[in-house]
Amino acid sequence: MTTYTICIFTENTIGLLNRITIIFTRRRVNIESLTVSETERKGVSRFTIVIKHESREEVEKLVRQIRKIVEVMAVFGYLNDEIVYNEIALFKISTPLGGKSLDVETINKQYKAWVVYWGLDYVVIEKTGNNEEIFDFFGYLKQYEILEFVRSGRVAVGKTEKGLVEYLPEADWAYYL
Amino acid sequence: METIASVVLDSTGVNSINELVPQETAPVTFLSGAQALMESLVAEGVDTIFGYPGGAIMPVYDALYDFQDRINHILVRHEQGAGHAAQGYARMQGRAGVCLVTSGPGATNLVTAIADALIDSTPLVCIVGQVGRKLLGTDAFQEADVMGVTMPITKWNYQITDANEVATVLSKAFYIAQSGRPGPVLIDMTKSAQIELMTKPFRYEQCQSIVSYRPRLVPKTEQVEAAARLINNAKRPYILAGHGVQLAKAENELRQFAEKAGIPVATTLLGQSTIPVDHPLYVGWLGMHGNYGTNVLTDQADVVVAIGMRFDDRVTGDASKFIKQAKVIHIEIDPSEIDKIIKADAPVVGDAKEVLKALLPLINANDFTVWRNEFRKYDAIEHEQITVPELSSTEGKIRMAEVIDMLSTKTNGEAVLVTDVGQHQMMASRYYQFRRPNSLVTSGGMGTMGFALPAAFGAQVGAPDRQVVAIIGDGCFQMTLQELGTIVQNKQPVKAIILNNNFLGMVRQWQQLFHQRRYSFVELQNPDFITIARGFGMDGQTCDARENLSDALDTMLAHDGPYLLEVVVEKEENVFPMVPAGASVSQIRLS
Ligand SMILES: Cc1ncc(C[n+]2csc(CCOP(=O)(O)OP(=O)(O)O)c2C)c(N)n1
């Protein structure tokens with residue numbers, strides 16, 4: 001199984017998520033994670049979808065099927081070494097009075113994570129990184145009581161110099177940047 | 001333009017448009033969404049709509065009342081009929097067929113036809129009523145999530161909730177349906193958007209392009225050159241022409257190309273009639289019930305030029321064994337079809353007509369007589385073992401092949417043949433000698449029973465000057481026979497032939513061959529078809545005896561108006577040749 005990151009640039013319209021995911025469902029491909037947001041161009045959304053698949057050929061076919069959707073402008077499939085990517089995780093850790101105290105220095109220096117919220121008897125720690133780094137940190141935090149753990153989908157940009165957006169069709173899309 | 005004083009704007013409390021404009025100036029009138037829809041259809045050149053009214057589309061029907069002189073609305077008997085009729089119409093006209101139906105059940109009844117149109121690349125614009133905007137998502141009366149239902153079976157769909165959107169959405173809809181690889185689009189229009197008035201004057205501009213959708217018509221030069229090199233070096237090439245040739249209206253280009261290169265031409269089921277059957281380069285059609293030679297020799301070709309086709313499994317048999325030895329040139333307008341089933345050595349993305357035009361000067365004049373003659377050897381075997389016995393029976397019931405063969409002769413191979421799905425479909429394809437382009441309308445990809453009668457009607461509306469003959473199985477007929485009413489009411493001279501074997505024949509054939517003759521629920525107790533036709537006001541007769549067949553066909557063809565001919569045929573006849581499902585094409589069976 002190889003991990004593929006599929007980046008889809010689309011017009012920002014209602015129902016498109018559905019149209020895209022149908023293509024995965026129909027081919028019985030499981031979506032590991034999915035992140036959507038508007039890009040630096042107004043009206044252009046970017047979907048980042050992570051899947052695992054054993055056949056590169058099938059992934060290429062999938063990409064072509066996605067490209068076929070009328071509102072889709074461009075689709076790119078990447079292997080991990082072709083992108084810079086990250087996820088963000090939030091950990092809610094119980095810090096009851098008299099409980100084990102948090103080693104904030106280790107958390108900051110060794111794990112590059114930050115306490116982003118102090119509750120009365122809990123804290124929320126944010127950690128960004130790849131899958132492995134996040135689970136590494138998860139392992140470290142196990143010594144505390146983890147009340148909640150949530151992880152975002154992957155966000156990714158390609159490593160090519162120019163940036164993928166260069167490939168988008170020229171149009172009257174306004175830049176945010 | 002008429003004023004719209006009667007329109008009630010319930011949401012704003014304004015009772016008529018005239019309250020919104022200063023009375024002393026000439027009253028500026030804005031169109032309602034429904035009127036804008038009508039104007040848009042007229043601007044798009046639509047002259048015919050196939051539809052069925054209902055509560056959620058009534059404002060549109062009300063607007064239509066004023067457009068009867070410009071738009072011919074045809075009231076079908078079931079929305080599936082509207083869809084198939086629009087498909088038949090679209091195939092003849094080479095542009096989108098338009099359907100108009102109500103929400104909920106009206107829309108879901110249309111679903112089969114939409115799916116059929118998607119897989120066979122037929123342009124349709126389906127306009128569907130929807131509950132009012134405020135009721136969306138509340139399980140209101142006759143509300144169905146039509147957007148959700150049709151998302152996987154449309155090329156594009158859109159929900160209009162604002163009257164101001166109508167013109168832009170409609171122009172986009174027609175552009176998407178008709179350009180690139182054609183297909184069905186669906187517009188779901190809320191009742192409120194139909195009733196509300198626009199807040200600006202109506203303007204219609206035909207859509208010419210969409211940022212995110214850029215079908216490539218003209219191929220890349222490198223791709224054409226690569227294809228030409230393969231063709232020029234070929235020893236045993238053949239062309240496999242699909243429906244795309246017809247959609248691109250590239251029949252002439254196909255012929256010029258084949259004639260210059262001297263390459264034999266085979267077709268897919270839907271590619272039939274793109275080249276006349278009596279053309280010296282035509283070698284038959286490929287597929288499960290296609291011709292013997294084309295199927296067998298597929299495994300011996302060194303170059304296959306596949307044009308506007310998508311390697312359906314009914315064509316390839318076991319795709320992993322299909323044309324492994326050959327270099328494949330795949331000419332396709334839809335890039336997602338390239339390498340989907342069969343890896344292409346030279347893909348050429350573009351419109352078939354444009355690609356063939358670009359290829360023509362690059363290919364060498366050639367002649368593959370020896371190779372071509374190999375097809376003829378197999379033809380002779382097929383002729384002797386299958387065709388002759390099927391056409392020369394003297395006892396027993398009439399055979400399907402005889403009917404089609406005689407029809408072919410009597411119509412000089414020039415009719416538009418609309419077929420349903422089953423044995424009769426395959427027999428019609430095998431025995432009709434197509435001489436004119438665009439002469440076969442059939443449900444190829446979906447294999448939708450019930451397609452033929454409404455599609456034949458639509459084809460006749462779309463091609464009033466042509467002789468349209470539907471070939472229908474007794475099972476299929478009973479799926480959409482109510483459209484006899486539509487045909488009669490609209491006085492269309494459609495001729496329909498039921499090949500009645502009292503069985504769901506194709507399923508029975510499979511049960512016979514692959515399920516030890518366990519005929520599980522395939523025998524039909526049929527009604528008196530002719531009485532039914534008469535009930536609808538259509539003439540017809542039953543032909544049960546070989547000696548009457550010729551007269552019966554003559555009577556049908558000479559009849560002024562629609563006509564139903566029921567031919568009682570051999571009950572347990574099988575269609576051969578046949579490539580068993582999952583076998584490779586060279587394992588084609590003659591019996
Ligand atoms: C809507 C639909 N239901 C079921 C089928 C499966 N099917 C394919 S052919 C066939 C039999 C058709 O029977 P008939 O119309 O009598 O034609 P024949 O094969 O006897 O010529 C059936 C049931 C289908 N293609 N479409």
Side-chain angles (χ1 to χ4, degrees), chain A residues 6-29 36 38-39 41-47 53 55-77 164-175, chain B residues 115 118 121 136-137 145-162 165 168-169 172-186 188 207 209-216 310-311 320 330 332-344 347 349:
Chain A
I6 296 171
C7 292
I8 310 167
F9 293 83
T10 72
E11 284 184 53
N12 189 357
T13 50
I14 292 178
L16 205 51
L17 173 65
N18 217 347
R19 238 182 212 284
I20 290 171
T21 53
I22 283 170
I23 292 176
F24 289 81
T25 318
R26 209 178 144 195
R27 298 179 161 236
R28 302 204 56 80
V29 175
V36 194
E38 204 167 44
T39 62
R41 286 190 189 193
K42 207 168 166 34
V44 179
S45 292
R46 178 182 185 130
F47 288 65
H53 210 288
S55 156
R56 183 188 173 109
E57 208 185 315
E58 291 303 312
V59 176
E60 283 172 11
K61 284 181 196 173
L62 188 87
V63 164
R64 268 201 289 271
Q65 290 298 328
I66 299 169
R67 180 64 189 88
K68 211 166 137 166
I69 298 172
V70 168
E71 289 95 343
V72 168
M73 298 166 179
V75 192
F76 302 92
L164 295 172
V165 178
E166 298 299 326
Y167 296 116
L168 289 183
E170 278 314 310
D172 46 338
W173 302 98
Y175 272 98
Chain B
L118 182 73
S121 313
L136 281 175
D145 177 11
V146 173
M147 291 296 286
V149 168
T150 59
M151 213 167 254
I153 53 165
T154 49
K155 186 172 172 190
W156 185 69
N157 65 2
Y158 190 89
Q159 187 171 59
I160 296 181
T161 51
D162 176 349
E165 293 177 302
T168 41
V169 172
K172 226 172 140 173
F174 277 91
Y175 176 67
I176 294 170
Q178 297 176 151
S179 62
R181 179 178 178 178
V185 303
L186 181 137
D188 195 35
C207 178
S209 74
I210 296 172
V211 187
S212 53
Y213 170 72
R214 310 237 155 152
R216 172 177 280 283
R310 55 187 184 82
F311 295 108
S320 69
H330 195 177
E332 233 311 319
I333 198 159
D334 179 356
S336 64
E337 290 298 339
I338 308 278
D339 291 346
K340 189 178 88 176
I341 309 290
I342 298 296
K343 198 119 188 91
V349 177

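Every chain is numbered from 1, with letters handed out A, B, ... down the list of sequences. These numbers were taken from a predicted model, which means no experiment stands behind them.
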message: Taking atom CZ as the centre, does A/Arg27 end up with more than 12 heavy-atom neighbours from other residues, nucleotides or ligands that are less than 6.0 angstrom away?
response: yes
- prompt: With a 3.5 Å cut-off and no angle check, do the side chains of A/Glu71 and B/Ser212 form a donor-acceptor pair?
  reply: no
- prompt: Does some side-chain heavy atom of B/Ile210 sit less than 4.5 Å from a side-chain heavy atom of A/Glu11?
  reply: yes
message: Taking the side chain as everything from C-beta on, heavy atoms only, tell me whether B/Asp334 gets closer than 4.5 Å to A/Lys68.
response: yes
- prompt: Between atom CD1 of A/Ile22 and atom CD1 of B/Ile153, what is the distance when rounded to the nearest 0.5 Å?
  reply: 10.0 Å
- prompt: From A/Ile14 CD1 over to B/Thr161 OG1, what is the distance, rounded to the nearest 0.5 angstrom?
  reply: 7.0 Å
task: Test side-chain contact (heavy atoms from CB on, under 4.5 Å) on B/Thr154 and A/Arg19 and set out the steps.
output: CA-CA 10 Å; B/Thr154 49; A/Arg19 238 182 212 284; 2.7 Å; yes
query: Side chain, backbone, both or neither: which part of A/Val70 has a heavy atom under 4.5 Å from chain B?
result: both
field: Per-residue contact mode, B/Met151 against chain A (heavy atom under 4.5 angstrom)
entry: both
Residues in residues 335-342 of chain B that sit under 4.5 Å from chain A, counting heavy atoms only: B/Pro335, B/Ser336, B/Glu337, B/Ile338, B/Asp339, B/Lys340
